[in-house]
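Contents: one structure, followed by commentary.
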Amino acid sequence: MKKKKINNKIYDNKIFDLINKEYIRQKNQINLIASESYSSIDVMKAQGSCLTNKYSEGYPNKRYYEGCKYVDEIEKIAIMRAKKIFDCDYVNVQPHSGSQANLAVYNSLLNIGDTVLSMDLKHGGHLTHGSIFNISSKLYNFKYYKLNKKGEINYNNIYKLSKLYKPKMIIAGSSSFSGIIDWKKISNIAKKFNSYFFVDMSHIAGLVAAKIYPNPIYFADIVSSTTHKTLSGPRGGIILSKNKDISFYNKIDKSVFPGIQGGPLMHVIAAKAICFKEAMSNKYIIYQKNIIKNIKQMANIFKNRNIKLVSDSIESNLLLLDLRKYNLTGLEISNILNNYNIIVNKNLIPNDKLNSNITSGIRIGTTSITRRNITPKYINIITNIICNIITDIKYRNKINNNFKKIIYNICKKFPIY
Ligand code: DSN
């Protein structure tokens with residue numbers, strides 16, 4: 001980036017140089033982190049706009065500040081578009097993140113100490129679903145369900161645990177589960193035991209928007225999501241619901257603001273609105289379909305090369321590899337792949353004996369490579385390179401420059417913007 005001299009203004013070369021380096025990193029690396037994507041230029045423009053200057057505590061037409069005429073319009077449009085793509089009648093677009101959205105949900109429907117049943121973190125759950133490291137487990141009494149040996153959700157286990165603990169809330173939604181979650185089954189269990197059914201659909205929201213993954217809104221009392229994973233919008237959160245009464249919706253609004261947040265990030269809400277509009281296009285639907293096509297293609301290659309998947313059911317944006325057979329940890333292989341400019345994250349696998357800093361698995365997602373339109377021919381090449389590195393120690397001990405060059409050329413061929 002050229003250094004500009006702007007009179008009387010402080011120009012922060014250091015930070016802008018680092019931003020530029022990060023852009024070059026994103027351009028020149030194959031990103032397989034399942035929870036990331038590339039937002040559009042328009043989404044980024046909105047996030048870098050003057051809206052960041054505006055305080056607008058409250059909700060459209062009920063603000064604590066003057067000067068909210070335009071931000072009111074923006075928030076109303078964001079809500080209207082989200083209602084349309086997710087077919088719901090309530091949306092709160094203010095949560096600053098998925099974690100904030102989830103905390104707001106708990107804060108609105110639970111009392112401190114209430115019992116909540118969620119998926120075990122090691123089996124694909126999320127930190128904010130009651131991990132012992134997260135405030136949620138300090139505020140509420142979390143119990144956990146697990147996957148079975150085939151990596152499937154064990155609905156009988158959910159039933160039994162619900163019978164035993166009578167949770168006030170059951171949570172579904174996962175960070176590393178690759179199959180289809182049967183929302184109806186869990187919803188029926190929740191109804192039987194008079195529990196709220198809460199779905200965190202962060203990973204699959206783009207697939208749901210494109211109508212290629214079942215929409216949990218028809219079964220859950222309340223749904224949260226991030227807007228930056230498969231949805232490919234700005235970093236942020238939303239809360240959705242359908243067929244509830246106004247007092248239920250008011251409770252959620254109050255829980256977000258003033259319950260756990262102050263002023264909304266209007267620049268991010270504008271970016272969310274733009275992302276929702278993008279999500280209505282045919283191009284977006286094709287993009288989401290290709291995410292699944294590409295992950296299935298990768299899964300088949302791993303299977304053919306005898307690399308173990310935690311679950312054979314691949315119906316979303318991601319898969320999880322079990323590396324124990326190679327005497328490799330997730331930490332080791334993610335570091336080595338990083339040296340080849342292939343970016344993945346180490347990930348716990350069910351009943352992992354290693355801790356979350358080391359892990360026995362890696363998670364691989366196709367949201368980003370699909371966003372840059374990498375075609376099946378090159379997905380095949382990338383996946384086989386990963387397989388070679390996992391299965392052959394010589395590629396781990398010494399970087400193979402030919403592989404590295406291939407990765408570099410694929411990145412050049414498929415620009416991120
Ligand atoms: N940390 C995110 C993920 O990678 O799945 C979830 O918030």
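Note that ligands are numbered from 1 as they come in the structure, with each ligand's atoms numbered from 1 the same way.
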Atom indices of ligand 1, in the order listed, that fall short of 4.0 Å to a heavy atom of H203: 3 (C), 5 (O)

Output field: ring centroids F193/Y159 closer than 6.0 Å: yes

Partner of M169 by side-chain contact (heavy atoms from CB on, under 4.5 Å), out of D114, L110, T115: L110

Side chains of Y59 and N92, donor plus acceptor under 3.5 Å: yes

Part of E36 with heavy atoms under 4.0 Å of ligand 1, whether side chain, backbone, both or neither: neither

Close-contact set for ligand 1 against H126 heavy atoms, below 4.0 Å: 6 (C), 7 (O)

Geometric cation-pi criterion, K185 with Y155: 6.0 Å, 45°: yes

Ligand-residue contact atoms, ligand 1 with S35, heavy atoms, under 4.0 Å: 3 (C), 4 (O), 5 (O)

